[in-house]
Amino acid sequence: MVGYDNLEIRPLCRAFGAEIIGVDLSRPVDDDLYARIYAAFLDRQLLLFRDQDLPPASQVALGQRFGEVQVHVMNQYHADGFPELYFLSNLDDNGEPSGKHPDKGTLAWHTDGSWRRVTGQATFLYSVEVPKEGGETHFCDMYAAYEALSDVMKQRLEGMRAVHNLDFSRSRRHAEDPMTDAQKRAAPPIDHPVVRTHPETGRKCIFLGDHAETIAGLDYEEGRGLVEEVNTLAVRPEFTYCHQWRPRDLVIWDNRCLMHRATSYDSARERRVMRRCTILGEIPG
Ligand code: OGA
Ligand code: MN
């Protein structure tokens, strides 16, 4: 392949994740390179590209190679001129740390856009400024989490559907800035299978996370209990990769088979500026 003879795919941990070395994403991604990146994405579920020069327009353009980019209903996070980008910054209007975490919902295990009918396929998260301590992102393998369930639990979950609701998770985690009525109307609760089959790999995985409120057809509290139980069972250290950010990292992951969460940092002293875009995938089946 012309220009990409040095491309190297280096696993990040045993089960999933790979660093892609030898690619400069500020240059156009031709069809051959895209095919190699997409194959690695399906195979490894998460890709890391270090030291990338990726201004907002390039990030959106790269995302569009994967598919339609979601315009997030929480429009206060949109970046000027780029409704496709979601800004996570703790800086105030003077560019100083404000002491406020921009979105505490990200600190709980979740999968992006699970509260939509058409859920998130890939997320592209790019680091502009990162704290010296904390502010990592953890990822957990939901294929492995499903395979590790007992046969009894697998049977119990078969055919079950969870109700995902952004208003539920937002009120629970970031109650000081609730959704507006218009935002709530644009993101009503919807249901998805608890066990989904990845449309491209054909493998089964758990699909829950923090936006999942309860189970359709069960008593509310019983459903809440089951969602919490399976969310807790799913996450194990041996299924988890912790990403320690450097500035100018791009991480692309598959929301259909990974959960993720951010870790906290001192938002009054440290600086953390990230931008993400999420690609629309499909209706889970
Ligand atoms: C998000 C998210 C993780 C992070 O924006 O959806 O989960 O580390 N971010 O900021
Ligand atoms: Mn997220």
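Counting starts at 1 for both ligands and their atoms, in listed order.
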Exercise. Relative to the heavy atoms of L88, which atoms of ligand 1 are at a distance of less than 4.0 Å?
Worked result: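 The atoms of ligand 1 under 4.0 Å from a heavy atom of L88 are 5 (O), 9 (N), 10 (O).
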For this session: Run the numbers for me: atoms of ligand 1, each under 4.0 Å from some heavy atom of H110, listed by number.
Result: 6 (O), 7 (O)
Exercise. Does an N or O from R272, backbone or side chain, lie closer than 3.5 Å to an N or O of ligand 1?
Worked result: yes
Problem set entry | Any N or O of W245 closer than 3.5 Å to N or O of ligand 1 |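 Between W245 and ligand 1, no N or O pair is found under 3.5 Å apart.
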Exercise. Which residue, D254, D112, T111, forms the side-chain hydrogen bond (donor to acceptor under 3.5 Å, both in side chains) with T123?
Worked result: D112
Exercise. Any chance the rings of H164 and H211 have centres within less than 6.0 Å?
Worked result: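 No, ring centres 6.0 Å or more apart.
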Exercise. Going by heavy atoms, is M274 under 4.0 Å from ligand 1?
Worked result: no
For this session: Could you pull out the atom name of the N/O/S atom in D112 that is nearest the Mn ion (ligand 2)?
Result: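 Considering only N, O and S atoms, D112 comes nearest to the Mn ion (ligand 2) through OD1.
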For this session: Among the N/O/S atoms of H110, select the one at the shortest distance from the Mn ion (ligand 2) and name it.
Result: NE2
Exercise. Tell me, which protein residue and heavy-atom name are nearest atom 6 (O) of ligand 1, and how many Å apart are they?
Worked result: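 Looking at atom 6 (O) of ligand 1, the protein heavy atom closest to it is R276 NE, 2.9 Å.
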For this session: Report the part of H260 in contact with ligand 1, treating N, CA, C, O as backbone and CB onward as side chain, heavy atoms under 4.0 Å; options are side chain, backbone, both, neither.
Result: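 Answer for H260: side chain.
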Checking [X] side chain against [Y] main chain: does a donor-acceptor pair fall under 3.5 Å?
{"X": "Q52", "Y": "R50", "value": "yes"}
{"X": "T119", "Y": "R116", "value": "no"}
{"X": "R272", "Y": "L88", "value": "no"}
{"X": "D210", "Y": "G105", "value": "no"}

Seminar exercise, completed: Closest heavy-atom approach to atom 2 (C) of ligand 1 among T137, T106, D112, V251 is made by T106
Problem set entry | Neighbour count above 12 (heavy atom, 6.0 Å) for E68 CD |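 No, not enclosed.
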